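Just so we're on the same page: letters track the sequence lines, and every chain starts at 1. Keep in mind it's a predicted model, so treat the numbers as computed, not measured. Computation of the quantities below employed the complete heavy-atom set of this structure, encompassing side-chain atoms and omitting hydrogens, waters and symmetry-equivalent molecules.
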Amino acid sequence: MVVQGIKVATTGRNGVGAFILQCKRLEFFYCDWAGSSKGMNTFLRTNLQKFAKANPAIEILVSPRPARHPVIRGHYINGREKAICVKNMKEAQILQKAELLRDANGEKLRRVVKPVKSVNDSVRGIWSPYHKPGGGGMHV
Amino acid sequence: MSIKGLRLERWSGQLLAAPRHRSRAPCCIRQQQQYLASSTTRSISASHAVRYSAVPKQDEFVDEDAEDGLELPLEEEHQPKPPTSTAPTKLPTESTKLAALHARLGLPKKLPLQTLARTLIDPSADSNPDFNNAQLSQLGGSIISYHISEWLLVTYPRLPMSVLFAASYAYHGPQTLQLVGREWGVDCAAAPGPEVDPGFLQFERTTQTPMARRSIGLARGDKDYYRRGMSSRVVYDDDFGDTIPKKGESAKILSPEHAYSSFVKALVGSIYLHSGSKPAKAFVKQHILSRHLQINRLFQFKDPERELARLCAREGFEHPVARLLSETGRHSRTPVFLVGIFSGKDKLGEGSGASQPEARTRAAVQTLKAWYLYSPGKDVSLPSDMEGEGKEGEWEPVHIDIGEIIH
């Protein structure tokens, strides 16, 4: 038994093989009385059913939030959530916000400096085999 | 017998229905009946009466090896236990979480929500085998294991046994399957119970009775030192070459890792039963085999130069010789030596290091990895691709290696 195996776990690459939509739940909060919820109430009555049908992978919850501004909150697979206040917005604008939450991946917004992120080693190689940028050196 | 001739939907019907009571309705219908019973009478004991009207009999399993300390792991699962949970208050078809999960994974329409709900119930949450995922997960685990090992064996025919075990563990070990389950957006319930939404994974974190073991195989009765070789692990141990714990020593605390992995396996098993082998294979390929693994990082060599010498002797190559190809800064603080390993006039590999022995070792490791990681290509046809009619003539035999260099 000269060679031994090292136990690791594989890493997932969403979209290679199967794609999993990262938004798992959208919550729509509205108020029956307040004027800022007017657009939201129309959206819930007219557009929401179509939106839910087009996105079956998202669990949708509609709930009253009396005397508060209307809010859409998205829950993501990475455990984070995002909320957008949609006060005084028209249905079309609210739909846009819902689509924004649907397409988000739940990560914090960051400025992307390097556009390519890769799990593979650099093709060019590292400049010195004994010094890794993060420390640790090369393993045989 | 061709695979196409099998009537899988019949099997799935048998599985969903209680196996010993053919006259009873299938699971999905029965759940509805229970739901109606419990909702109309508002008493949990009524649903109990429906659900647990028959205590499962002791299985007629003849365990021949029991005296020798070898035992089949599944036996203790069949012992009659008191029912631990009641019928859910919410039907699977009413759960938005479950419907969303079904759509998110792109599961086939033939797979009903009731079965999906069943895959989310661990044996520790509901000990009745008609309602938990134990059987489905046994089936699905075998299917995943089959597809992954055939792909590994065909793609990397020269992998040593230990690395093959490590690679299988990396692809479908409990750690990976937990990641898969979590990346699907499946959350676990804080505690199992009838009030829990069927879209949550339900399992008991601590149990008083020892948990039934998950993997099939034989528990070793002998001493540990018999485990030095690799070959016995194929017979005795689980899919990853790890020993199966004996009866007394199984853990009392169930980790979420095992609950998630049995859920993922059960889902594959239920796809197989409801839609057939091709969708199950496609599902394994999409969700498990497509994950990223650097197989060249799984090797840990003990004595690479010796192993390389034995390899050359076995293959009839000339004895390997390490030669210095180039060097820089021998007397400086950071010298670099480039060493190549030659067999006669052929260079087998090269490596660099801060000293000559280090460079030689790296060169030997690189050479051995080049040998072990030989691959005929990633798109070689697999044995399971030949399933179905009219494909028998197309099969090209795959490369089968003669085996490891030093055992």
Heavy-atom distances under 4.5 Å only: say whether [X] touches chain A with side chain, backbone, both or neither.
{"X": "B/Lys97", "result": "both"}
{"X": "B/Tyr372", "result": "side chain"}
{"X": "B/Glu307", "result": "side chain"}
{"X": "B/Arg306", "result": "side chain"}

inquiry  = Among B/Leu177, B/Val180, B/Asp303, B/Leu298, which residue has the highest count of heavy-atom pairs closer than 4.5 Å to chain A?
reply    = B/Leu298
ask   = Do A/Gln4 and B/Ser162 meet the criterion of a side-chain donor-acceptor pair at a distance under 3.5 Å?
value = no
query = Residues of residues 167-176 of chain B under 4.5 Å from chain A (heavy atom pairs)?
reply = B/Tyr169, B/Ala170, B/Tyr171, B/Gln175, B/Thr176
How about [atom1] on [X], more than 12 heavy atoms from neighbouring residues, nucleotides or ligands closer than 6.0 Å, or not?
{"X": "A/Arg68", "atom1": "CZ", "value": "no"}
{"X": "B/Lys285", "atom1": "NZ", "value": "no"}
{"X": "A/Asn120", "atom1": "CG", "value": "yes"}

Output the distance between atom [atom1] ([X]) and atom [atom2] ([Y]), rounded to the nearest 0.5 Å.
{"X": "B/Ile288", "Y": "A/Thr10", "atom1": "CD1", "atom2": "OG1", "value": "8.5 Å"}
{"X": "A/Asn14", "Y": "B/Arg291", "atom1": "CG", "atom2": "CZ", "value": "10.5 Å"}
{"X": "B/Gln294", "Y": "A/Thr11", "atom1": "CD", "atom2": "OG1", "value": "8.5 Å"}

ask   = Counting distance only, does the side-chain N/O of A/Arg13 pair as donor-acceptor with the main-chain N or O of B/Ser290 below 3.5 Å?
value = yes
inquiry  = Could you report the tightest heavy-atom contact between B/Glu183 and A/Ile77, atom names first, then the distance?
reply    = O-CD1, 3.6 Å
query = If you take all heavy atoms of B/Asp242 and A/Lys7, which pair is closest and at what distance?
reply = OD2-NZ, 2.5 Å
ask   = Which residues in residues 15-53 of chain A have any heavy atom lying under 4.5 Å from a heavy atom of chain B?
value = A/Val16, A/Gly17, A/Ala18, A/Phe19, A/Ile20, A/Leu21, A/Lys24, A/Arg25
ask   = Less than 4.5 Å apart, any side-chain heavy atom of B/Thr96 and any of A/Ile60?
value = no
query = Between A/Ile6 and B/Val163, is any pair of side-chain heavy atoms under 4.5 Å apart?
reply = no
